[in-house]
Amino acid sequence: MVRRAPTLDAAQDPGVAERLAVEAAQRDPRRFDELYEANFERVYAYVARRVRDRDEACDVTAEVFHRALKHLARFEWRGVPFVAWLLRIAAHAVVDRAAHREAQNVELPSPDAVPAVDLEDAERRAQLFRQVDALPAEQRRVIVLRFAEDRSIREIADDLGKSEGAVKQLQFRGLQTLRARLGERQ
């Protein structure tokens, strides 16, 4: 009989639950998915803010979790949230990606030039992503096309087969809902 460690449970102390999840994943890498699910949004938000290209943000985020899984055995619990370690990996991955892309034109930054990890900013962005995901489907689609993909109202209207006025109304309602929900949390 395989005994699984407890999963991340909101009823438990988050630090204890997270530590148990990390230790379980260190013993059995198949358990890493729990850490991935718990931290994906914050890591993606951190990376997306720095690379400003959705496809590249997805690639870098995947690279971060690949590196984390590869080096998980070396992770030592020091009372700092696991996401801090992931964001540190993300900071290095962003610098590595930029250095690789512009190797001929730019002097490589020193390892000390890695930007500081801002957990609070990453958490705010993750919260925003969760709130966008919770919008009604049409509002969510308009918000993503408009702000994540930087599309014009006309382009969105053409894609969705709607009038520009209808797209503007969906955008307005979506933003209004986001402001209300995010305002409640602050």
Side-chain angles (χ1 to χ4, degrees), residues 2-102 106-134 147-148 178-179 181-186:
V2 175
R3 186 172 174 194
R4 293 178 61 97
T7 60
L8 290 179
D9 182 359
Q12 293 179 1
D13 175 6
V16 171
E18 185 175 61
R19 183 175 185 163
L20 291 173
V22 169
E23 290 171 353
Q26 286 175 320
R27 286 188 305 275
D28 181 2
R30 293 175 293 183
R31 299 291 309 274
F32 187 75
D33 65 325
E34 187 175 333
L35 295 169
Y36 173 87
E37 290 296 327
N39 294 289
F40 174 82
E41 290 173 338
R42 287 178 278 193
V43 172
Y44 179 80
Y46 176 86
V47 170
R49 179 161 187 213
R50 281 148 183 84
V51 299
R52 307 247 186 229
D53 176 77
R54 189 175 193 174
D55 291 334
E56 189 171 358
C58 290
D59 290 346
V60 172
T61 302
E63 185 178 331
V64 168
F65 283 101
H66 176 76
R67 287 182 186 182
L69 179 58
K70 182 178 178 182
H71 299 289
L72 186 62
R74 295 191 313 204
F75 175 80
E76 293 178 27
W77 187 263
R78 296 183 179 151
V80 177
F82 182 71
V83 74
W85 185 64
L86 293 172
L87 293 179
R88 198 80 180 131
I89 294 170
H92 287 283
V94 168
V95 169
D96 291 350
R97 179 69 61 112
H100 183 270
R101 187 178 56 242
E102 299 178 18
V106 178
E107 186 178 314
L108 292 175
S110 72
D112 298 330
V114 174
V117 173
D118 185 351
L119 287 173
E120 196 172 304
D121 180 59
E123 183 58 39
R124 278 193 307 271
R125 288 180 174 278
Q127 179 61 32
L128 176 61
F129 290 154
R130 284 190 292 271
Q131 292 303 322
V132 168
D133 283 343
F147 299 104
L178 289 173
R179 281 186 195 109
R181 289 180 181 169
L182 293 172
E184 290 172 3
R185 299 190 190 297
Q186 298 192 10

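Only heavy atoms go into these numbers, but all of them, side chains included; no hydrogens, no water, no symmetry mates.
When all heavy atoms of Arg74 and His71 are compared, the pair lying nearest together is NH2-ND1, 2.7 Å. The minimum heavy-atom distance linking Phe82 with Glu18 is given by the pair N-OE1, 3.1 Å. In terms of heavy atoms, Ala24 sits closest to Arg31 at CB-NH1, 3.8 Å. Across all non-hydrogen atoms, the minimal contact from Ala57 to Ala48 is CB-CA, 3.9 Å. Heavy-atom minimum distance, Phe75 versus Gln26: O-NE2, 2.9 Å. Across all non-hydrogen atoms, the minimal contact from Phe129 to Tyr44 is CE1-CD2, 3.4 Å.
If you take NE2 on His66 and NZ on Lys70, they are separated by 5.5 Å, rounding to the nearest 0.5 Å. Separation of atoms CZ (Arg67) and CG (Leu86) is listed at 12.0 Å; rounding is to 0.5 Å. The distance from the CZ atom of Arg54 to the CG atom of Asp59 is 12.5 Å, given to the nearest 0.5 Å. The CH2 atom of Trp85 sits 5.5 Å away from the CG atom of Leu72 when rounded to the nearest 0.5 Å. How far CD of Glu56 is from CZ of Arg97: 5.5 Å, rounded to the nearest 0.5 Å.
Side-chain contact between Leu69 and Pro29 is present, with heavy atoms from C-beta onward closer than 4.5 Å. Side-chain atoms of Leu182 and Gln131, non-hydrogen and from C-beta on, do get closer than 4.5 Å to each other. Looking only at side-chain heavy atoms (C-beta outward), Thr61 and Phe40 come within less than 4.5 Å of each other.
Relative to the ring axis of Tyr46, Arg42 does not place its NZ or CZ within 45° and under 6.0 Å from the centre.
Residues passing the side chain to side chain contact (heavy atoms under 4.5 Å, CB included) test with Arg49, sequence neighbours excluded: Asp121, Arg125. In this structure Glu37 satisfies the salt bridge (charged side-chain N to carboxylate O under 4.0 Å, His left out) test with no other residue, sequence neighbours excluded.
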